[in-house]
Amino acid sequence: MDIEELRTFVEVADAGGVSSAARRLGVSKSIVSRQLARLEADLGVQLLARNTRGAALTEAGVIFRDHAARACVEMDAARERILPNGELSGRLRIAAPLTFGPTHLAPVLADMARRHPQLHVHTVYSDRFVDLIAEGFDCAIRFGYLQDSNLIARHVGPIYGKLVASPDYIKAHGSPETPDELVDHQALMQGTEAWQFMDGDKIITVRPQGRFKADNGAALVAAALAGLGIAWLPDGITDDYIASGALVAVMTRHPPPPAGVYVIRPPSPHPARKVRVLTEMLIACFEKAPPPAGVGH
């Protein structure tokens, strides 16, 4: 039984259809369909019931999916144990932030692909919070403060940021001096996140409120420049605006604690070596020259 056919079946099962799986795998729908047909012929059972909306697992497909997934994991683990320092191969699917990702992370990913010619690197750049398991990612690179989850995270570098607002906003609404005063101001946020600030050695958590939200750092900068409120933004995206006077740092006596850049992966007893290699390369990159990391979840 072909291991690639097993991988393809697991992708189709998890993606809910041939088209979605083909996009994840970076191949044509016809290739996916042929691999599925061969697998079903080998087994002598129907694994998927095709319909106009996609493909649903048959009873046999539900049973076989878990066995196939475990087989793929075990084969990957066996290959890595036999050749721990060998060439990386297969596919590495990464979710990376759109803010700063193409400029500060893409060079590392390109270098990884250059060093490992047999490795297929597929990166999706989006500031949207992706579901690694449901959407079939090997790992994600995330910026900011991590929320509790069952995913496994590895810190690879720091992020430094501050609160900023436009001079027009401060003139009209004043400048907060303490975290408690933020409740009287419009916050520019990604969603419903909490902001953290230092008060001596203590960390104070605030849940600000605001009517303007965006999942991209550049959009939050535009809102701050327009005088719509106060934003927590990384230094790399605000330094030039502060230097020009277009934005002003506020509440400087209570700076946010450093956030972080993390590689996140699904829980597994056998973490893929390709994810470990990427993590090590990112750590080395940040140690050389920490980039101005972007806004994240």
Side-chain angles (χ1 to χ4, degrees), residues 95-101 126-132 140-166 169-170 173-225 227-239 241-242 247-265 267 286 290-297:
L98 181 61
T99 303
F100 286 120
S126 173
D127 287 328
R128 178 178 65 85
F129 191 91
V130 302
D131 186 326
L132 296 188
I141 304 170
R142 290 182 180 163
F143 296 157
Y145 303 103
L146 287 187
Q147 299 176 357
D148 291 336
S149 76
N150 65 339
L151 302 175
I152 297 175
R154 176 74 184 277
H155 182 269
V156 299
I159 299 174
Y160 299 97
K162 59 176 64 74
L163 290 187
V164 297
S166 71
Y169 178 87
I170 294 173
H173 303 283
S175 177
E177 296 296 329
T178 66
D180 289 341
E181 294 179 12
L182 277 176
V183 297
D184 299 322
H185 289 267
Q186 284 288 319
L188 308 174
M189 301 180 293
Q190 289 197 329
T192 58
E193 69 267 22
W195 288 355
Q196 295 182 335
F197 303 97
M198 300 301 299
D199 183 10
D201 294 332
K202 294 192 306 179
I203 294 179
I204 300 173
T205 300
V206 176
R207 291 199 170 274
Q209 300 296 318
R211 65 185 182 89
F212 187 94
K213 297 180 181 182
D215 67 353
N216 178 266
L220 295 176
V221 168
L225 292 170
L228 296 181
I230 297 173
W232 183 100
L233 290 166
D235 292 344
I237 205 172
T238 61
D239 283 344
Y241 295 108
I242 290 176
L247 292 176
V248 177
V250 300
M251 216 171 75
T252 54
R253 288 189 299 162
H254 297 278
V261 182
Y262 300 87
V263 174
I264 313 294
R265 66 171 177 84
F286 274 74
V295 177
H297 303 273

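The residue from V263, V261, L151 that alone fulfils the side chain to side chain contact (heavy atoms under 4.5 Å, CB included) condition with R142 is L151.
Rounding to the nearest 0.5 Å gives a distance of 8.0 Å between CG of L228 and OG of S166. One finds the CD1 atom of I204 at 7.0 Å from the CG atom of D180 (value rounded to the nearest 0.5 Å). Between L247 atom CG and L163 atom CG the span is 12.0 Å, to the nearest 0.5 Å. Here the OG1-CG distance, from T99 to D127, works out to 3.5 Å after rounding to the nearest 0.5 Å. Rounded to the nearest 0.5 Å, atoms CD1 (I159) and CG (L233) are 11.5 Å apart. Here the CZ atom belonging to R211 is positioned 6.0 Å from the CD atom belonging to Q186, to the nearest 0.5 angstrom.
Contact between A140 and L132 at its shortest, heavy atoms only, is CB-CD2, 3.5 Å. Of all heavy-atom pairs spanning E193 and R207, the tightest one is C-NH1, 3.9 Å. Scanning both residues, G161 and W232, for their nearest heavy atoms gives CA-CZ2, 4.2 Å. In plain terms, the two heavy atoms of P97 and F143 that are nearest each other are CG-CE1, 3.4 Å. The two atoms that bring A165 and V250 nearest to each other are CB-CG1, 4.3 Å, heavy atoms only. A pairwise comparison of heavy atoms in I230 and Y169 identifies CG1-CE2, 3.7 Å as the closest pair.
Within the 3.5 Å criterion, the main-chain N or O of M198 finds a donor-acceptor partner in the side chain of H254. Not one N or O on the side chain of S175 forms a donor-acceptor pair closer than 3.5 Å with the backbone of I170. Between the side chain of D199 and the main chain of K202, no donor-acceptor pair closer than 3.5 Å is present. The main-chain N or O of V206 is never found under 3.5 Å from a side-chain atom of Q196 such that the two would form a donor-acceptor pair. A distance-only check finds no donor-acceptor pair linking the side chain of N216 to the backbone of L98 [under 3.5 Å].
Taking the six-membered ring where the residue is Trp, Y262 and H155 present perpendicular rings, their angle passing 60° and hence far from 30°.
Residues M251 and E177 have side chains not in contact (no heavy-atom distance under 4.5 Å, counting atoms from C-beta outward). Side chains of Q190 and F129 form no contact here, defined as non-hydrogen atoms less than 4.5 Å apart. Inter-residue side-chain proximity for W195 and M189 is flagged as met; some heavy-atom pair is nearer than 4.5 Å. Looking at heavy atoms from C-beta onward, V248 lies out of side-chain contact with I242 at the 4.5 angstrom threshold. The side-chain heavy atoms of Y241 and V164, taken from C-beta on, include no pair separated by under 4.5 Å. Side-chain contact between P176 and D184 is absent, with no heavy-atom pair separated by less than 4.5 Å. No side-chain heavy atom of P256 sits under 4.5 Å from any side-chain heavy atom of Y160. At least one side-chain heavy atom of F197 sits under 4.5 Å from a side-chain heavy atom of L182.
Around the CD atom of Q209, the shell of radius 6.0 Å holds no more than 12 heavy atoms that belong to other residues, nucleotides or ligands.
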